[in-house]
Amino acid sequence: MASPEESQAIISKELAAVKVKFSQIEGAELISCVQVMVQIRIARTERKNIVACFQFPEGYPRTPILLELKSKHLSYKLLDGLTRVCEEEAKKMIGQQQILHIAKFIRKFIDDNPLCICSDEISNLKKLLKTGDEIKLKQKTSQVILKLREGQYYMNVKLTVPDNYPLEVTGVEISDTNFPSHLSIHFASQSFEIARQCVQPPLRKNPKAPLFTPKPALSPVTDYLVTEVIHTYPNAVCPACRENALPVVPSEIITDPSDARFVERVYCKHLYHHNCLDKYMKTPPFIGGKKCLACEKRIFHEKWKATPELAEARWAHQEARHRELAEVVDFLE
Ligand SMILES: [Zn+2]
Ligand SMILES: [Zn+2]
């Protein structure tokens, strides 16, 4: 056992070494370096940073250094786990100077685990997943890979979390799916839009809106894809005929946009069969525009752009033709 004087000398030597060598760690800043506490801030980006607080325990360096980690943006659960790993690391360094070694270890952890910045969002995402869904984290490329399933439909998604998350836009790519292509294109652009709106202020500014701050995009994007898309659309019912909008077997998907069973997505997000929607859009009442049978929102669709007045006139014209035809038929009988 070292005497208190020897211990004191060892600590003084380590404090001197920390002062000289902390700058070898990229992004490190020495906040305090005294006997009662050594504090080093280790930052990779504006949000990826940790303040490591060290205290010398009795008997140091024969005992592991005491350590506390703080961060504004990394989750408590992650810091807790990292603290335990660092404590194990300190035990390996018994008898030697431990502070710089641990600080380097933390920096390496931040570098090697870029997804640490969204660890809470990832655990929430895992709770959303259902049996058959899969999630893979690729720390090397900072990507979250999702394989989502519902019935016979699937969707593989690749999310790329930028280093400067959440200040830069998160990449979203639907790498493979068996949804009809016009729907999957829409899902992809919608996800991209959600991600973009998290980091870019709206073009038309609302003077009353609070100052725009970028928001983490992983949760809103995956909530949309997992809850609203994959676990909803395969079982969605056409509000007009109450039958499944998409075929149960994806190989029966109709790709001809004028086919009776082609699936149309209206503005409010509900799915209709082409003929069901066509019939409904051309049947009165037209006043105030046609409203979705499921949610009562006004239906906007580029295939049915007639104004209520035009639709009314067309319908009246068609009815008149039917009557004329009926009269002719009467003569023939
Ligand atoms: Zn229908
Ligand atoms: Zn609707």
Side-chain angles (χ1 to χ4, degrees), residues 1-123 137-144 161-168 216:
M1 204 62 188
S3 70
E5 290 75 24
E6 280 170 322
S7 227
Q8 184 67 46
I10 288 168
I11 289 170
S12 298
K13 209 173 152 195
E14 180 158 359
L15 289 173
V18 169
K19 277 179 196 158
V20 174
K21 291 185 184 164
F22 83 91
S23 60
Q24 290 173 358
I25 305 166
E26 218 187 322
E29 182 197 335
L30 196 57
I31 302 169
S32 70
C33 189
V34 289
Q35 171 116 26
V36 286
M37 180 161 319
V38 175
Q39 278 182 296
I40 307 176
R41 183 174 183 269
I42 303 153
R44 181 183 165 96
T45 65
E46 196 189 306
R47 305 277 177 116
K48 282 179 191 164
N49 61 63
I50 291 176
V51 175
C53 311
F54 301 93
Q55 280 181 305
F56 299 101
E58 206 172 311
Y60 186 81
R62 290 269 130 225
T63 48
I65 192 110
L66 298 175
L67 160 95
E68 192 190 350
L69 302 181
K70 294 175 187 169
S71 175
K72 243 195 214 168
H73 301 287
L74 299 180
S75 88
Y76 175 77
K77 212 171 127 193
L78 181 103
L79 291 177
D80 194 42
L82 181 58
T83 307
R84 268 178 277 141
V85 181
C86 287
E87 283 165 357
E88 288 309 307
E89 210 48 39
K91 282 180 196 160
K92 292 183 203 162
M93 298 296 288
I94 292 272
Q96 303 170 57
Q97 296 187 351
Q98 296 171 25
I99 292 177
L100 283 169
H101 177 80
I102 299 293
K104 279 180 197 163
F105 182 83
I106 292 168
R107 171 70 206 201
K108 191 170 184 309
F109 175 87
I110 299 173
D111 290 344
D112 291 351
N113 297 278
L115 296 173
C116 66
I117 192 69
C118 47
S119 62
D120 268 355
E121 286 185 282
I122 289 169
S123 33
L137 306 183
K138 288 197 168 175
Q139 299 285 1
K140 260 200 183 124
T141 50
S142 192
Q143 285 174 325
V144 178
V161 176
D163 195 23
N164 208 7
Y165 185 84
L167 308 183
E168 274 167 43

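Below, each value reflects all heavy atoms present in this structure, side chains not excepted, and no hydrogens, waters or symmetry copies. If you read the sequence from its start, that first residue is 1, and numbering goes on from there.
Between E26 and R107, the closest heavy-atom pair is O-NH1, 3.0 Å. Residue I42 comes nearest to A103 through the heavy atom pair CD1-O, 3.7 Å, listed as atom of the first residue, atom of the second, then distance. What you find for Q35 and F56 is that their closest heavy atoms are O-CD1, 3.3 Å.
Rounded to the nearest 0.5 angstrom, L69 CG and L74 CG are separated by 9.5 Å. Note that the CG atom of N113 and the NZ atom of K108 stand 9.0 Å from one another [nearest 0.5 Å]. Here the straight-line distance linking atom CG of L78 with atom CG of D120 works out to 8.5 Å at 0.5 Å rounding. Taken to the nearest 0.5 Å, the CD1 atom of I117 stands 9.0 Å off from the CD1 atom of I110. Atoms SG and CG, on C118 and L115 in that order, are 5.0 Å from each other to the nearest 0.5 Å. Rounding to the nearest 0.5 angstrom, the gap separating the CG atom in L137 from the SG atom in C116 is 12.0 Å.
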Check residues 46-53 and write down every donor-acceptor pair under 3.5 Å in which the side-chain atom is one partner and the other belongs to a residue at least two apart or another chain.
unit_1	atom_1	unit_2	atom_2	d
K48	NZ	D163	O	3.2
K48	NZ	D163	OD1	2.7
N49	ND2	E46	O	2.8

Indicate every side-chain donor-acceptor pair of residues 79-86 with a distance under 3.5 Å to a residue at least two apart or in another chain.
unit_1	atom_1	unit_2	atom_2	d
D80	OD2	R84	NH2	3.2
T83	OG1	L79	O	2.6

Side chain to side chain contact (heavy atoms under 4.5 Å, CB included) between L66 and F54, intermediate numbers included: CA-CA 6 Å; L66 298 175; F54 301 93; over 6 Å; no
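For the salt bridge (Lys or Arg N to Asp or Glu O under 4.0 Å) test, no residue two or more places apart in sequence or in another chain qualifies with K104. Applying the side-chain hydrogen bond (donor to acceptor under 3.5 Å, both in side chains) test to T141 and every residue at least two apart in sequence or in another chain returns Q143.
The list of ring pair (Phe, Tyr, Trp, His ring centres under 6.0 Å) pairs with a residue in residues 13-42, not counting sequence neighbours, is empty. Applying the side chain to side chain donor-acceptor pair (under 3.5 Å) rule to pairs touching residues 90-100 yields E88-K91, E89-K92, sequence neighbours excluded.
Side chains of I94 and P64 form a contact here, defined as non-hydrogen atoms less than 4.5 Å apart. Inter-residue side-chain proximity for Y60 and E14 is flagged as met; some heavy-atom pair is nearer than 4.5 Å. A 4.5 Å side-chain heavy-atom check between L100 and I25 finds at least one atom pair inside the cut-off. Looking only at side-chain heavy atoms (C-beta outward), V34 and V38 stay at 4.5 Å or farther from each other. Between Q55 and I65, every side-chain heavy-atom pair lies at or beyond the 4.5 Å cut-off. With contacts defined as side-chain heavy-atom distances shorter than 4.5 Å, the pair I31/I40 does not qualify.
R44 and D111 are joined by a salt bridge, as a carboxylate oxygen and a charged side-chain nitrogen come within less than 4.0 angstrom of each other.
Side-chain atoms of S32 come within 3.5 Å of backbone atoms of M37 as a donor-acceptor pair (strictly under, hydrogens ignored). Checking side-chain atoms of S7 against main-chain N and O of G59 turns up no donor-acceptor pair under 3.5 Å. Looking at S123, its side chain does come within 3.5 Å of a backbone N or O of S119 through a donor-acceptor pair. For the pair T63 (side chain) and E58 (backbone), a donor-acceptor distance under 3.5 Å is present.
Side-chain contact check for Y165 and E121: at least one donor-acceptor pair (N or O, by modelled atom type) lies under 3.5 Å.
Atom CD of E168 has more than 12 heavy atoms from other residues, nucleotides or ligands within 6.0 Å.
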